[in-house]
Student: 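This structure is in structure tokens; I'll ask about it shortly.
Reminder, nothing fancy here: chain letters follow the sequence lines and each chain counts from 1.
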Protein chains: 2
Amino acid sequence: MSRTYHHGALAEAMVDEALERVRAHGADQVSLRSIAQALEVSPSAAYNHFADKDDLLRAVGACGLAALDERMSRVLAAHPADTTDDARARFSGLGRAYLAFAIDETHLFQLTFGPICAAKELPPEETGPFRKLISALDDLDRWGLLKPGSREGLDLTVWAATHGMATLLVEGAVPPEAVEPFIDSMARLIVRE
Amino acid sequence: MSRTYHHGALAEAMVDEALERVRAHGADQVSLRSIAQALEVSPSAAYNHFADKDDLLRAVGACGLAALDERMSRVLAAHPADTTDDARARFSGLGRAYLAFAIDETHLFQLTFGPICAAKELPPEETGPFRKLISALDDLDRWGLLKPGSREGLDLTVWAATHGMATLLVEGAVPPEAVEPFIDSMARLIVRE
DNA sequence: CATGAGATATGAACGCTGTCAATATTGGAG
DNA sequence: CTCCAATATTGACAGCGTTCATATCTCATG
């Protein structure tokens, strides 16, 4: 394996480098050429592995979705038992995890749910985060914790509210301190008692 | 006024041209140079009126916010009388107007609420759309139409849900047909009876 | 072991972009 | 009428994404 030619795993290396740069400075500030330079590779080398720049960014966006999913998985793992309290904690915990991701990984969040990735990615109802949210709602419903007659359309409403709150956080339109009041308000609207 | 030199009202003309192009193709596809060319003006002429490209785009974003505000104003004008039904209609109508704007003016919406404008623009609680939403909630409250104990934090929650739904529409993650079910679900969560 | 095919990287080039400095032209106030 | 501030131009710079022809490497097959 000569050191000067043929990187060997350029695709992964480029995604890694791009991921780091997106997290630090946002997708707009990332150039294909600078990534290639950092990897000591010519700019055009990328085109053996990605159709174009957006294709690479889409791969980075997929990492973002995976990272979010993992955060939410950790929440579920922390509340495995089947009690009503756990059902409540799972629901609010998932919301908190989603918003924490938006706060901690602002730039990555913007790429993952931005126009570049939205175009050619799977519909939300097939993503891990959305499915976890739905099953948390189903859980609440199973325990009779939802306000009567509110289940219909609730998936989308809760998803929209959470995602909307996340984008407001990301844009700086709302400070991080607003997260807990938001979760409380949501719970008050949805959960009985 | 010589025809070849000194445009006369370049600033407004550039905003108009940029607005048109953003609406048609999105802010990413709009270049300062192409706008200048369309106006038969040199590229650097823009820098007498705008600090940089983002500055121009921010002016376009302000137009977007104004357009949204006008849509919402029309809704309020259509339901002026003070009855409980009007209070309900104002609230759901404002939501519908917000989402219709997102659907009709996808690209403009993305610019107006995107990272470029979010940075240097006034906080949401001072914008027309947000204020109209709040006063619609106050109206519902005055008529005793809110579920008891739900008023606190409701501003932000409803704003987040509406804005989130709008971004989901804009990204194509959700089809326009999902709007009415969403409005219904929201109303069911918030409004009593 | 040699060979050729296919994957991978290179270098140079194209047209485009935002931005800036120096220069020229303009309209209007004194 | 003259001079000034506002406005526009020209020309240049560095950087971008992308493409094409070319070079090099790896590996399976004969």
Student: Which whole-number value in Å describes the distance from B:Glu40 CD to D:dT9 C1'?
Tutor: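 Taking CD of B:Glu40 and C1' of D:dT9, I get 15 Å after rounding.
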
Student: How close or far is atom P of D:dG17 from atom NE2 of A:His49, stated in whole angstroms?
Tutor: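 One finds 17 Å between P of D:dG17 and NE2 of A:His49, rounded.
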
Student: Just how far, in rounded Å, is P of D:dT9 from OH of B:Tyr47?
Tutor: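 After rounding, the gap between these two atoms is 14 Å.
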
Student: Would you confirm whether A:Arg151, through its side chain, and A:Leu146, through its main-chain N or O, come within 3.5 Å as a donor-acceptor pair?
Tutor: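 It does not hold such a pair.
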
Student: Please round to the nearest 0.5 Å and tell me the distance separating atom OG of B:Ser185 and atom CD of B:Glu180.
Tutor: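 That separation rounds to 12.0 Å.
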
Student: For B:Gly164, is there any backbone N or O sitting under 3.5 Å from a side-chain donor or acceptor partner on B:Thr167?
Tutor: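 Yes; at least one donor-acceptor contact below 3.5 Å.
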
Student: Whole angstroms only, please: what is the CD-P distance between B:Gln29 and D:dG17?
Tutor: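 Rounded to the whole Å, the gap is 14 Å.
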
Student: Could you work out, with salt bridge (charged side-chain N to carboxylate O under 4.0 Å, His left out) as the rule, every residue matching B:Asp69, not counting sequence neighbours?
Tutor: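 So B:Asp69 forms a salt bridge (charged side-chain N to carboxylate O under 4.0 Å, His left out) with B:Lys132.
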
Student: Nearest-Å distance, CD1 (B:Ile35) to P (D:dA8)?
Tutor: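 In whole Å, D:dA8 P and B:Ile35 CD1 are 15 Å from each other.
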
Student: Would the base of C:dA7 count as contacting A:Asn48 through its side chain, where contact means a donor and an acceptor less than 3.5 Å apart?
Tutor: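 Answer no: no donor N or O sits under 3.5 Å from an acceptor.
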
Student: CZ of A:Phe50 versus P of C:dT8: gap in Å, rounded?
Tutor: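 Rounded to whole Å, this separation is 12 Å.
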
Student: Just jot down the side chain to side chain contact (heavy atoms under 4.5 Å, CB included) partners of B:Thr84, sequence neighbours excluded, or say none.
Tutor: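 Result, side chain to side chain contact (heavy atoms under 4.5 Å, CB included) vs B:Thr84: B:Arg88, B:Trp143, B:Leu145.
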
Student: Whole angstrom is fine here: how far is it from CG in A:Asp52 over to C1' in D:dC20?
Tutor: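 Nearest whole value for this atom pair: 17 Å.
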
Student: To check you understand the geometry: which heavy-atom pair defines the closest contact between B:Met72 and B:Ala97, and what is its length?
Tutor: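 Heavy atoms only, the tightest pair is CG-CB, 4.2 Å.
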
Student: Could you pull out the protein-nucleic contacts involving nucleotides 12-17 of chain C (nitrogen or oxygen on both sides, under 3.5 Å)?
Tutor:
{"residue": "C:dT17", "atom": "OP1", "partner": "B:Ser31", "partner atom": "OG", "Å": "2.8"}

Student: Just the rounded figure in Å: distance from P of D:dA14 to CD of A:Gln37.
Tutor: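 So the two atoms are 15 Å apart, to the nearest Å.
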
Student: Using the test ring pair (Phe, Tyr, Trp, His ring centres under 6.0 Å), find all partners of A:Phe91 that sit at least two apart in sequence or belong to another chain.
Tutor: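 None.
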
Student: Got a sec, which residues hit ring pair (Phe, Tyr, Trp, His ring centres under 6.0 Å) with B:Phe130, two or more places apart in sequence or on another chain?
Tutor: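 In terms of ring pair (Phe, Tyr, Trp, His ring centres under 6.0 Å), with neighbours along the sequence ignored, B:Phe130 is linked to B:Trp159.
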
Student: Could you report the tightest heavy-atom contact between A:Glu17 and A:Ala38, atom names first, then the distance?
Tutor: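 For A:Glu17 versus A:Ala38, the nearest heavy atoms are OE2-CB, 3.6 Å.
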
Student: Give, ordered by number, those residues of residues 14-28 of chain A having at least one heavy-atom distance below 4.0 Å to an atom of DNA chain C; if nothing qualifies, reply none.
Tutor: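 The stretch gives none, as no residue of it lies under 4.0 Å from the strand.
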
